[in-house]
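In what follows, a single structure is set out as structure tokens and then discussed.
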Amino acid sequence: MTEADPSAATPAPSDFIRDIVAQDVAAQRHAKIITRFPPEPNGYLHLGHAKSICLNFGLARENAGQCNLRMDDTNPTKEEIEYVEAITTDVHWLIDGWADHCLGLKTKGATPARTESNGKLDYHLAAAPVGAANTEPFFASDNFAPLYEFALVLIQKGHAYVDDLSPKETEEYRGAPDKPGRNSPFRERSVAENLDLFQRMRSGEFPDGARSLRAKIDMAAPNLWLRDPLLYRIRHASHHHTGDQWCIYPLYDYAHCLSDYLEGITHSVCTLEFEVHRPLYDWILEKLQLPRPLPHQYEFAKLNLTYTIFSKRRLLQLVQENLVNGWDDPRLPTLSGLRRRGVPASAIRRLATAVGVTKYDGVTDVAVYEHAVREELNPASLRRLAVLRPIKIVLTNIPAGETIECLATNNPQDEVPTTRPVALTREVFIESDDFAEVPPPKYFRLKPGGEVRLKYACIIKLDEIVKDASGAIAELRCTADLTTRTGQPNSDKKVKGTIHWVSATQCVDAEVRLYERLFTVAEPGAEEDFKKFINPHSLDVVTAKLETSLASATPGDRFQFERLGYFVPDAKDSRPGHLVFNRTITLKDAWTAKAPGGK
RNA sequence: UGCCCGAUGGUGUAAUGGUAGCACAAACGACUCUGACUCGUUUUGUCUAGGUUCGACUCCUAGUCGGGCAGCCA
């Protein structure tokens with residue numbers, strides 16, 4: 001499968017973060033630009049993460065740099081190995097052929113090495129060479145030992161203390177946005193006592209929540225994150241990566257800045273909600289008086305799309321309550337769902353470029369995403385004939401048993417389009433939407449007494465509508481004008497409508513899954529009870545009739561079923577003899593939308 | 001009634017003191033053996049009020065509106 005790389009031909013995007021990096025590069029502030037993508041392995045990656053991946057890896061590839069994949073796994077109660085594996089797969093898929101040469105992984109099992117930088121104690125963990133064998137992502141949990149050592153340093157410098165306040169008391173002492181907090185009665189413990197207590201926390205002497213390690217900053221700070229934030233909490237829990245080695249776990253703010261430092265990250269790019277954490281990020285690094293250059297944090301607005309939900313909590317809810325069929329349900333905005341649905345990684349990258357990077361927290365029209373998908377799929381998809389909801393046509397002037405071979409174009413977008421044979425026979429199927437006994441105005445398709453072209457074949461004329469006892473249409477009897485075939489004298493004859501069709505006697509059946517938006521309203525996340533906006537018609541399964549060449553379709557193939565949209569074999573369920581296709585997206589449709597009774 | 005951040009057509013995004021541009025969407029038209037693609041045309045915008053300046057989307061002041069922050073989550 002070949003995927004056009006839009007960014008190769010297109011100039012690199014520009015935004016305020018790329019500007020900052022460009023300035024740092026120009027000033028030669030770093031030997032190499034190193035960014036990171038640090039998901040918590042507590043769920044599957046979605047389009048929102050994709051924006052961050054494209055930014056962080058984009059920064060790396062545009063500056064001959066590197067982007068580390070790091071599991072931000074400091075909370076053992078929420079994280080699972082299943083998520084680690086899914087995230088790793090999704091990241092590889094999204095950057096494949098684009099930024100895989102910038103992907104920073106570490107040697108399996110490696111942890112930061114104790115070194116000396118500028119005459120001071122230091123720890124550092126560099127990425128393995130690109131393409132090296134036996135690698136894995138970085139894990140924040142691989143840094144637990146040096147993080148602990150750094151905590152000891154903070155205590156020794158008088159910048160951290162062990163607090164005995166309960167979680168509830170801690171909350172009370174914190175005050176409110178417009179009300180200063182109060183100092184904990186344990187705030188002025190001696191360094192020796194803090195050291196002793198913290199070491200005993202680590203050795204498992206105290207139960208969960210009994211004590212915590214806090215930064216000693218300012219309980220009256222207007223920024224709540226500076227009111228002696230917690231650095232460590234006690235959790236007697238098994239961790240997916242470190243097992244039972246630890247019973248104290250660092251919190252995000254403490255672990256993140258130091259993990260960035262340990263890996264030599266130069267630009268730590270995160271989303272807007274961490275803006276108020278930045279002073280703490282800087283405070284921790286400064287107080288430690290670290291010997292190497294410090295990373296800096298920059299924030300951008302995360303992606304929001306209409307008709308889409310990105311909240312991990314809600315996505316988890318949809319999966320757990322079986323409102324969808326797993327994390328890779330093609331209706332979900334997860335990368336695994338989109339991949340299964342047939343969305344190319346390049347389309348997601350194209351979307352990321354289209355939405356840009358700013359600090360404005362808006363909502364992007366899902367049409368921008370859909371446009372990006374079609375842009376990638378149009379040149380990359382083989383055209384095929386398929387009928388989703390068949391009605392039978394009998395071409396009364398073609399004898400039963402006769403096969404007329406027609407040549408169909410594989411992709412008109414190709415510079416030198418190739419063709420394949422398709423069989424025209426006495427009985428064919430057409431789409432039920434393509435016939436109307438009582439046509440609306442401007443209806444170009446088949447109607448009583450009307451003519452229409454069967455694409456790649458010939459023009460047919462409707463003579464008779466045959467109904468069964470119940471009044472339902474049994475078949476349409478038509479005359480084929482074989483002189484309008486390609487190469488025949490009347491091939492240039494024009495009719496308003498051209499429709500797709502499949503031979504009724506030379507075709508294969510397939511299960512085809514048709515998807516609509518999962519939600520019926522533009523902003524389903526706006527209300528707490530988002531489930532009431534779930535679209536009951538988000539999945540429609542039909543048994544379709546396909547041209548025979550599709551019998552050998554395998555996952556990875558991309559097709560455009562003419563006039564219907566883009567389709568891929570389902571990677572999980574499709575097999576020879578039982579074909580299953582997913583519709584990735586419909587073609588843009590200027591007719592159905594405005595047709596009377598159109599959907 | 002604390003602190004931080006933001007505001008440009010319907011939506012997203014450029015313009016970094018000098019002609020408000022691009023994309024999506026929408027509308028109309030051309031082309032068409034896909035009502036697709038492609039092409040053409042059109043509609044719609046600098047939150048408000050002051051100020052600085054020859055000149056302000058841009059700088060300053062005040063306001064308005066929106067978002068974030070009070071997890072031992074990330």
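Per chain, numbering begins at 1; letters A, B, ... match sequence-line order.
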B:A15 to B:C69 separation - P atoms, rounded to the nearest Å: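 So the two P atoms sit 29 Å from each other.
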B:G71, syn or anti by chi within 90 degrees of zero: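 Glycosidic conformation of B:G71: syn.
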pi-stack flag for A:Tyr360 and B:A7, centroid dist under 5.5 Å, interplanar under 30°: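 It does not: the two rings, one from A:Tyr360 and one from B:A7, miss the stacking criterion.
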Stacking of A:Tyr252 on B:A74 base (centres under 5.5 Å, planes under 30°):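 Not stacked by the 5.5 Å and 30° rule.
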Assigned partner base of B:G29, Watson-Crick or wobble definition, under 3.5 Å: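 Here B:G29 is engaged in a pair, and the nucleotide opposite it is B:C39.
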Phosphate contact (B:C24 OP1 or OP2) by A:Thr364 side-chain N/O below 4.0 Å: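 No.
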Nearest-neighbour nucleotide for the A:Ser212 side chain, B:G35, B:C24, B:C72 considered: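 Within the option list, the nearest is B:C72.
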Nearest-nucleotide pick for A:Trp225, side chain only, options being B:A74, B:G35, B:C4: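 Among B:A74, B:G35, B:C4, the one nearest the side chain of A:Trp225 is B:A74.
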Looking at every strand, decide which applies to [X] at a 4.0 Å heavy-atom threshold: base, sugar-phosphate, or nothing.
X	result
A:Tyr173	nothing
A:Arg445	base
A:Lys442	base
A:Tyr249	nothing
A:Glu562	base

Matching residue for A:Arg278 among A:His296, A:Gln297, A:Glu299 - test: side-chain hydrogen bond (donor to acceptor under 3.5 Å, both in side chains):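 Single pass found, and it is A:Glu299.
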For A:Asp434, the option from A:Arg389, A:Arg563, A:Lys447 that meets side-chain hydrogen bond (donor to acceptor under 3.5 Å, both in side chains):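 By the side-chain hydrogen bond (donor to acceptor under 3.5 Å, both in side chains) criterion, A:Asp434 pairs with just one of A:Arg389, A:Arg563, A:Lys447: A:Arg563.
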Heavy-atom donor-acceptor pair, A:Thr409 side-chain to B:C33 base, under 3.5 Å: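 Looking at the base of B:C33, it does not pair with any donor or acceptor on the side chain of A:Thr409 (distance under 3.5 Å).
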Side-chain H-bond candidate by donor/acceptor type, A:Asn490 with A:Arg485, under 3.5 Å: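 Looking only at side-chain atoms, A:Arg485 and A:Asn490 do not form any donor-acceptor pair under 3.5 Å.
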Distance under 6.0 Å and angle within 45° of ring axis: A:Arg202 vs A:Tyr148: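 Judged by the rule (NZ or CZ under 6.0 Å from the ring centre, within 45° of its axis), A:Arg202 counts as positioned above A:Tyr148.
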